[in-house]
J.: 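Once you've had a glance at the structure underneath, I'll fire off some questions.
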Amino acid sequence: MKILILNGPNLNLLGTRESDVYGTKTLEEINASLKGLAEELGVRIDMRQSNHEGELVDIIQNSKNYAALVINPAAYTHTSVAIRDAIAAVEIPTVEIHLSNIYSREEFRHTSLISPVASGQISGFGPDSYLLGLRAAVSIASHAKKSSS
Ligand code: DQA
């Protein structure tokens, strides 16, 4: 089973970016712990990051061979109809994740355009949101496999 972990804009700056909100772990460190968990769970993962909406759409359109998608759409969570439509189009099980609890922050972050097309959302557990997201993705992808066979 192969799972895609996709990160949106500014997440390449983790570690130095608003560390009071997002913590001090870098994306490389998060990716290293994801690799460790993937090995433990016996799944393969690819990890991508882009600051560009169109590139994120292209990556999602090309993700049909993955069993599931774990995405932190970052600021595009609140604005991108294009990313939402791309997820709806590929129809692969999707877990939306956020480091911060978007519902306890500014009001404009309370709306996610992605949630209605995701299987579920994990928000507010810091870097652990990624690990929980991978576990959730493996779980829903296994169920999807069973029900389609
Ligand atoms: C974020 C929350 C978004 O509102 C914000 O724009 C981000 C990161 C999070 O992981 O908490 O860039 O997705």
Side-chain angles (χ1 to χ4, degrees), residues 1-41 43-64 66-141 144:
M1 180 187 295
K2 209 166 151 196
I3 291 173
L4 177 63
I5 321 274
L6 187 55
N7 280 290
N10 299 308
L11 293 170
N12 55 316
L13 299 181
L14 284 179
T16 54
R17 171 194 182 205
E18 296 181 86
S19 52
D20 49 323
V21 178
Y22 299 117
T24 52
K25 271 203 178 161
T26 63
L27 190 57
E28 286 74 35
E29 288 168 335
I30 290 173
N31 286 345
S33 45
L34 278 167
K35 274 186 201 157
L37 179 61
E39 257 172 47
E40 191 186 314
L41 298 175
V43 299
R44 288 186 296 156
I45 53 171
D46 285 334
M47 292 154 292
R48 305 280 305 269
Q49 189 274 331
S50 174
N51 291 326
H52 306 282
E53 187 176 23
E55 192 180 353
L56 291 163
V57 168
D58 286 343
I59 293 170
I60 294 166
Q61 284 187 10
N62 291 322
S63 69
K64 286 186 188 144
Y66 290 92
L69 169 68
V70 177
I71 183 168
N72 184 347
Y76 288 137
T77 306
H78 320 296
T79 63
S80 181
V81 176
I83 291 175
R84 174 203 172 109
D85 286 355
I87 293 170
V90 294
E91 291 181 329
I92 68 168
T94 297
V95 180
E96 175 191 354
I97 61 161
H98 300 283
L99 293 139
S100 63
N101 178 351
I102 56 174
Y103 302 100
S104 67
R105 300 184 62 197
E106 303 96 322
E107 197 153 344
F108 70 86
R109 296 186 203 275
H110 297 183
T111 302
S112 168
L113 298 188
I114 308 303
S115 292
V117 294
S119 303
Q121 186 200 68
I122 295 165
S123 172
F125 298 97
D128 283 351
S129 290
Y130 284 83
L131 302 175
L132 294 166
L134 178 57
R135 285 185 187 278
V138 171
S139 169
I140 53 175

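As the structure lists them, so they are numbered: ligands from 1, and atoms in each ligand from 1.
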J.: Flag yes if more than 12 heavy atoms outside R17 fall under 6.0 Å of its CZ atom; otherwise flag no.
T.: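 Counting neighbours around CZ of R17, more than 12 heavy atoms of other residues, nucleotides or ligands fall under 6.0 Å, so yes.
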J.: Touching ligand 1 at all, Y76? Heavy atoms, strictly under 4.0 Å?
T.: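 No, Y76 has no heavy atoms under 4.0 Å from ligand 1.
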J.: Please state which protein non-hydrogen atom is closest to atom 1 (C) of ligand 1 and give its distance, to 0.1 Å?
T.: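 I find the closest protein heavy atom is H98 ND1, 3.7 Å.
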J.: Tell me yes or no: between the side chains of D46 and Y66, is some donor less than 3.5 Å from an acceptor?
T.: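 There is such a pair between these side chains.
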J.: Can you check which of H78, E106, E18 brings a heavy atom nearest to atom 4 (O) of ligand 1?
T.: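 It is H78 whose heavy atom sits nearest to atom 4 (O) of ligand 1.
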J.: If you measure from each heavy atom of N10 to ligand 1, is any distance below 4.0 Å?
T.: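 No, N10 has no heavy atoms under 4.0 Å from ligand 1.
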J.: Counting heavy atoms not belonging to E39, are there more than 12 under 6.0 Å from its CD?
T.: no
J.: At less than 4.0 angstrom from any non-hydrogen atom of I102, what atoms of ligand 1 do you find?
T.: 2 (C)
J.: Do the non-hydrogen side-chain atoms of V95 and I122 ever get within less than 4.5 Å of each other?
T.: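 Result yes, sub-4.5 Å side-chain heavy-atom pair found.
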J.: Kindly determine whether T24 and T16 satisfy side-chain contact (heavy atoms from CB on, under 4.5 Å), including the steps that lead there.
T.: CA-CA 7 Å; T24 52; T16 54; over 6 Å; no
J.: So Q121 and Y103, do their side chains get closer than 4.5 Å, heavy atoms only?
T.: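 Yes, close enough: below the 4.5 Å cut-off.
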J.: Could you see which bit of N72 sits under 4.0 Å from ligand 1, with heavy atoms only: side chain, backbone, both or neither?
T.: side chain
J.: Any N or O of L99 that comes nearer than 3.5 Å to an N or O of ligand 1?
T.: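 It does: an N or O of L99 is found under 3.5 Å from an N or O of ligand 1.
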J.: Parallel, tilted or perpendicular, judged at 30° and 60°: which one describes the rings of H78 and F108?
T.: perpendicular
J.: Could you tell me the separation between the CG atom of D20 and the OG atom of S100, rounded to the nearest 0.5 Å?
T.: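 Nearest 0.5 Å value for the CG-OG distance: 11.0 Å.
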J.: Specify side chain, backbone, both or neither for R109, according to which of its non-hydrogen atoms lie closer than 4.0 Å to ligand 1.
T.: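 For R109, only side-chain atoms sit under 4.0 Å from ligand 1.
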J.: Any nitrogen or oxygen of A75, main chain or side chain, under 3.5 Å from a nitrogen or oxygen of ligand 1?
T.: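 Yes, at least one N or O pair falls under 3.5 Å.
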J.: Which protein non-hydrogen atom lies closest to atom 7 (C) of ligand 1, naming both residue and atom, and how far is it?
T.: Y22 OH, 3.4 Å
J.: Going by the atom numbers of ligand 1, which of them fall below 4.0 Å from some non-hydrogen atom of S100?
T.: 2 (C), 9 (C), 11 (O)
J.: Select one of side chain, backbone, both or neither to describe which atoms of I97 lie under 4.0 Å from any atom of ligand 1, heavy atoms only.
T.: neither
J.: Would you indicate whether E40, at its atom CD, is surrounded by more than 12 heavy atoms from other residues, nucleotides or ligands within a distance under 6.0 Å?
T.: yes
J.: Please work out whether any backbone atom (N, CA, C, O) or any side-chain heavy atom from C-beta onward of R17 is under 4.0 Å from ligand 1, and answer side chain, backbone, both or neither.
T.: side chain
